[in-house]
Amino acid sequence: MWPALFVIAVAALIGAHFYWRKRARAVEDQLQRLQRENEEARAQEVRARLEISTREETLLNSISEGILFLDTQGRISGANDALSQMFNFSASIKGKTLLEAFRLHPLVDLVREIEASGQQGEIAIALPGAHQGFFEVSGSILRRPDGTGVILTFHEVTRLKQLENMRKEFV
């Protein structure tokens, strides 16, 4: 009787071993499938973010006005090509403060006013020296997931000022 019970117990253990081995393979296969799906989802997310980023950059660079983004610390987090052309920036201004990039205190005052009031603001500035020109600058609060920043829009009105001066001289 004991030998028969022993054979039955061994057979049951072998059967349990094969059952659990089969279950372990099924779980491993499912884990590998889920890992592949996860990698595919991550790749799709990266492609989607790249597409959105490219679309945003293309949109910003198609605008003729200069656009400048400031982060929560008041540093430049981005600018479009039109701004770089307006002010003849040869190097990147990303990460710099307004004073470092522009050396114009009225811009800093405008940003402080916008941050304090939470309202939009506008100023007109004239650039002295080699980059002589006239600009209307408007700004507003930019809400981001990491905090609030400021967006400034530069509209060049140099040609309008020149035409106005010509009109005044003519009159």
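Since the structure is predicted, the reported quantities are computational estimates derived from the model, not experimental observations.
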Q) Taking a hydrophobic cluster as the set of Ile, Leu, Val, Met, Phe, Trp and Tyr residues connected by side-chain heavy atoms closer than 4.5 Å, whether directly or through intermediates, do L70 and I63 fall within one such cluster? A) no
Q) So how far is it from I93 CD1 to I76 CD1, rounded to the nearest 0.5 Å? A) 4.0 Å
Q | CG-CZ distance between L50 and R55, expressed to the nearest 0.5 angstrom | A | 11.0 Å
Q: May I ask whether V157 and I67 are part of the same hydrophobic cluster, defined by side-chain heavy atoms of I, L, V, M, F, W, Y residues being less than 4.5 angstrom apart, directly or through others?
A: no
Q | Nearest non-hydrogen partners of S64 and A82, listed with the distance | A | O-CB, 3.5 Å
(Q) Minimum heavy-atom separation for A79 and L83, please, with both atom names. (A) CB-CD2, 3.7 Å
Q) Would you say F69 and F89 are hydrophobically clustered, going by side-chain heavy atoms of ILVMFWY under 4.5 Å? A) no
**Q.** From D109 atom CG to L98 atom CG, the distance as rounded to the nearest 0.5 Å
**A.** 10.5 Å
Q. So, does N61 use its side chain to make a donor-acceptor pair with the main chain of D81 at under 3.5 Å?
A. yes
Q | More than 12 heavy atoms of other groups within 6.0 Å of Q120 CD | A | no
Q: Specify the closest pair of heavy atoms between G121 and L110, including all atoms of both residues, with the distance to one decimal.
A: C-CD1, 3.6 Å
Q: Measure across T158 and E156 and return the closest heavy-atom pair with its distance rounded to 0.1 Å.
A: OG1-OE2, 3.1 Å
(Q) Counting only heavy atoms from other residues, nucleotides and ligands, does the tally under 6.0 Å from NZ of K94 exceed 12? (A) no
(Q) Would you compute the distance between atom CZ of F154 and atom CG of N80 and round it to the nearest 0.5 angstrom? (A) 10.0 Å
Q: Evaluate the criterion side-chain contact (heavy atoms from CB on, under 4.5 Å) for residue pair E115 and V111; output intermediate values, then yes/no.
A: CA-CA 6 Å; E115 289 175 335; V111 169; 3.9 Å; yes
Q.
Check this for me: does any side-chain nitrogen of one of R47 and E51 sit under 4.0 Å from a carboxylate oxygen of the other?
A. no
(Q) Tell me if the centroids of the rings in F135 and F102 come within less than 6.0 Å of each other. (A) no
Under 3.5 Å, sequence neighbours excluded: what are the donor-acceptor pairs made by side chains of residues 14-23?
none

Q) For E37, what residues pass the side-chain hydrogen bond (donor to acceptor under 3.5 Å, both in side chains) criterion, not counting sequence neighbours? A) R33
Q: Kindly compute the distance separating CZ (F134) from CD (E164), expressed to the nearest 0.5 Å.
A: 9.5 Å
Q.
Are the side chains of R112 and V108 in contact, using a 4.5 Å heavy-atom criterion?
A. yes
Q) Going through the distances and angles, do Q32 and D29 end up as a side-chain contact (heavy atoms from CB on, under 4.5 Å)? A) CA-CA 5 Å; Q32 288 176 356; D29 290 344; 4.2 Å; yes
Q. Which heavy atom of R75 sits nearest a heavy atom of T97, and at what distance?
A. NH1-CG2, 3.4 Å
Q | Over 12 non-hydrogen atoms of neighbours within 6.0 angstrom of CD in E57 | A | no
Q: Run the numbers on V150 and L142 for side-chain contact (heavy atoms from CB on, under 4.5 Å), then give the verdict.
A: CA-CA 5 Å; V150 174; L142 178 64; 5.9 Å; no
Q.
On a heavy-atom basis, which atom in L152 and which in L107 lie closest, and how many Å separate them?
A. CD1-CD2, 4.5 Å
Q: Evaluate side-chain contact (heavy atoms from CB on, under 4.5 Å) for I151 paired with L68, printing each intermediate quantity in order.
A: CA-CA 6 Å; I151 182 170; L68 181 78; over 6 Å; no
Q: In plain terms, say whether R49 and E45 are close enough for a salt bridge, that is, a side-chain N and a carboxylate O under 4.0 Å apart.
A: yes
Q.
For the residue pair E65 / H155, report whether a side-chain donor-acceptor contact shorter than 3.5 Å exists.
A. yes
